[in-house]
Structure formats: structure tokens, C-alpha cells
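Per chain, numbering begins at 1; letters A, B, ... match sequence-line order.
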2 protein chains.
Amino acid sequence: MTPTFQHTTPRQASRRRARIDRVLEPELLRALGEPTRARLLSCLLKCGRPCSVTEIAACCSIDFSMVARHLGTLARAGVLTCEKRGRTVWYAADAASLSATFRDLADAIDELGAAGGCCGPAAPDKTTT
Amino acid sequence: MTPTFQHTTPRQASRRRARIDRVLEPELLRALGEPTRARLLSCLLKCGRPCSVTEIAACCSIDFSMVARHLGTLARAGVLTCEKRGRTVWYAADAASLSATFRDLADAIDELGAAGGCCGPAAPDKTTT
DNA sequence: GCAATACTTGCGTCATGACGCCAACGTTCC
DNA sequence: GGAACGTTGGCGTCATGACGCAAGTATTGC
């Protein structure tokens, strides 16, 4: 558990601190933090192929309009891609991009190490005398 | 973009499908999907050391009780560890475990490949005649 | 014991979002 | 053109949760 990034320049540390804020963007996480949406995403991931709104609604026994709305939210969060063909909209989970996002997030956290204080260099620790 | 897991046994595919549901557990994602909580976590990650509630509240200019509540939520989601020493509670971001979680998530998605249908094997594709 | 510190928790208010119904829109087939 | 289909969007209802205040609890120092 020894921190790997101990001796770094302030510039590097600053860049890492900026990165973690960029990568912790709540829009994606919030989109995924809703059980219904997680279910829909899971369904699409398992499917491995584009699905229509009707199809998913039938598969998951969820109301039509809800599915459309949730899929829209997921698409706006960059989790899904949608393509309209005829009168049908095909939603597909971009698995590669999604896993890359999470890996990026993990990397950002790892690389942060102890990039330097947000709340100051060290605790005064008044309580443990 | 050729799927790597094409020829797998049904048993393996089934395990992968179960894994993605386990790993997409919304509690963690929901906890992180709240902007204020994301800010607090970011602060703690940057700090790289345990911080008290007061400290973080002062650092982020957020109401005391809110910080305490949010940190509690994050701790319950497994994102933070808390240790009470005297009258002070020290919250710390478990960076290693958090990044591991995200990496696991990424792995589960990658490994899923086309693990086999949720909505059936293939689309009838009635629209594109 | 009493005051100060550090945190927790209860309460009311408010904003956000999920949900389900139904109407509206665009597209396809006849 | 009209009907059927697939999706989107508006509306009202409801549940959840964030927010801030203030009272309550635990711990420390006097």
C-alpha cells in the first residue's frame, strides 16, 4: 500500500487533480445509478445487438414510454448509440466505449496517488494528544 | 470490432450475464452520481489522507450536516472508510478498492462480448424489407 | 460536573425525477 | 389518402432525496 506517485512535480499533481474531476463527471454515473436504467443497459449489453424500444419494453416488462425515456437518458449520457431506420429506432450499448470510460476512471484514481492536498498538507490532529 | 467471445459454452455465457448484473449494482453508481458527493469524494481522493467532517466542510464550503450525511452515504456504498478516533471521525477514500471496482466493471463489460440474447437471438427486422 | 468540540439525526421545505396514461408525430404499408 | 405501427412528448401524480436549520448525542478538557 505504499503510494507509487510520491515524488512528482506540482504540475503533474495539478494535472492529475484536474483529471479526476473531469472523469468523475456525474452525468454518466447518475444515468447508471437508476435501477431501471441499469436493467435496460444490462439487457442491451447482454443482447450484444441493437434493439428497438418495443423489443426492450416487452423483454423487461416495462412501460413503453418509460423505456423510451430511459434509453434517451442513457444515450444522452453517452452509454448508448441510437440509429433510426424506418420507423424503428435501434439502441445499442457501446460496450467498448463504456468499458474504456470505466478503465479511464480507474486509471485516474490510481494515478492520483497522493497528488497533494485539497484540505491542506496534513491534519493538525488535535484529538489524539 | 470483432467480438472476442464468440464460441463459448452456454454455461460461460450465463455466468457472464450474471456477473454484469452483479457488477452494475446501482448503489455505488448512484452514490457517485450526485454532484456534491462527487465533489466530496474528489476532495478526499486528492487529499490522499483521512479527513474529518469539519475539515471537508470547511474545504468545500458545504454545510456541516450535509457533508456528514453525504460522507455517510459514500461510506455505506463502500467508497469511503471511516474510523472514529476520540470525537473525530476520519473519512478516507479507499482509492485502490474504488479503482479495482471500476476495473472489474470494465472487465465484466468487455468479457461479456456477445454473451447471448436477453431479448432473443436476433431481430426479426420487419422494417428493413 | 460543566462547557466546548465533533458529529449525528430529526424535521420541514423544496427540487428533481420516475412512473403511467394519452395525444401527437413521423414512417410504412395498403 | 387512410390505417397501422413505432416512437416521442406533454401532463399529472407520486416518491425520493438534497438542503439547511436546529436539537440531540458522544467525547474531551477544565
Side-chain angles (χ1 to χ4, degrees), chain A residues 26-41 43-44 49-77 79-92 119-120 123-129, chain B residues 26-44 50-77 79-92 119-120 123-129:
Chain A
E27 195 191 353
L28 169 80
L29 297 163
R30 176 192 294 233
L32 266 51
E34 211 280 322
T36 309
R37 274 197 292 270
R39 233 175 99 202
L40 296 175
L41 174 63
C43 173
L44 270 165
R49 62 171 179 82
C51 296
S52 69
V53 175
T54 314
E55 220 173 354
I56 302 177
C59 172
C60 300
S61 315
I62 301 176
D63 178 72
F64 256 61
S65 61
M66 282 318 307
V67 173
R69 237 184 289 261
H70 279 313
L71 292 183
T73 303
L74 287 169
R76 247 174 288 116
V79 180
L80 303 181
T81 59
C82 65
E83 185 200 355
K84 182 160 187 171
R85 255 189 300 160
R87 56 189 168 192
T88 309
V89 177
W90 299 95
Y91 281 96
C119 305
D125 207 356
K126 285 171 292 187
T127 49
T128 16
T129 336
Chain B
E27 196 192 353
L28 169 81
L29 296 164
R30 177 194 291 235
L32 266 50
E34 211 280 321
T36 307
R37 275 197 291 271
R39 233 174 98 199
L40 295 176
L41 174 64
S42 164
C43 174
L44 270 165
C51 295
S52 69
V53 175
T54 315
E55 222 174 355
I56 302 176
C59 171
C60 299
S61 314
I62 300 176
D63 179 73
F64 222 56
S65 62
M66 283 319 308
V67 172
R69 238 185 285 261
H70 279 314
L71 291 182
T73 305
L74 287 169
R76 247 173 287 119
V79 181
L80 303 180
T81 60
C82 66
E83 185 199 355
K84 182 159 186 170
R85 257 190 298 161
R87 57 190 165 190
T88 308
V89 179
W90 299 96
Y91 281 97
C119 305
D125 208 353
K126 287 172 291 190
T127 49
T128 17
T129 334

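Looking only at side-chain heavy atoms (C-beta outward), B:E34 and A:P26 stay at 4.5 Å or farther from each other. In this structure, the side chains of B:S65 and B:R69 come closer than 4.5 Å at one or more pairs of heavy atoms. Within the 4.5 Å cutoff, the side chain of B:Y91 has heavy atoms near those of the B:C82 side chain.
As rounded to whole Å, 12 Å separates atom C1' of C:dT16 from atom CD of A:E34. Atom CE of B:M66 and atom P of C:dT9 are 14 Å apart (whole Å). One interatomic measurement links the two molecules: CG of A:D63 to P of C:dC19, which rounds to 10 Å at whole-angstrom precision. We find that CG of B:L80 is positioned 14 Å from P of C:dC7, with the value rounded to whole Å. The distance between atom CG of B:L71 and atom C1' of C:dT9, rounded to the nearest whole Å, is 15 Å. When rounded to the nearest whole Å, the span between CZ of A:R39 and C1' of C:dA18 equals 14 Å.
Side-chain nitrogen and oxygen atoms of A:R85 include none within less than 4.0 Å of the OP1 or OP2 phosphate oxygen of C:dT27. Remark: A:H70 is not in phosphate contact with C:dG17, judged by side-chain N or O atoms under 4.0 Å from OP1 or OP2. Put simply, A:R37 has a side-chain N or O that comes within less than 4.0 Å of OP1 or OP2 on C:dA18.
For the side chain to side chain contact (heavy atoms under 4.5 Å, CB included) test with B:L40, the passing option among B:T73, B:I62, B:L80 is B:I62; the others fail.
In terms of the side-chain hydrogen bond (donor to acceptor under 3.5 Å, both in side chains) criterion, B:T54 has no residue partners (sequence neighbours excluded).
Here the side chain of A:R37 pairs no donor or acceptor atom with the backbone of A:L32 at under 3.5 angstrom.
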request  = Report, as a single string ordered 5' to 3', how protein heavy atoms within less than 4.0 Å touch nucleotides 7-12 of chain D: B base, S sugar-phosphate only, - not at all.
outcome  = BBBBB-
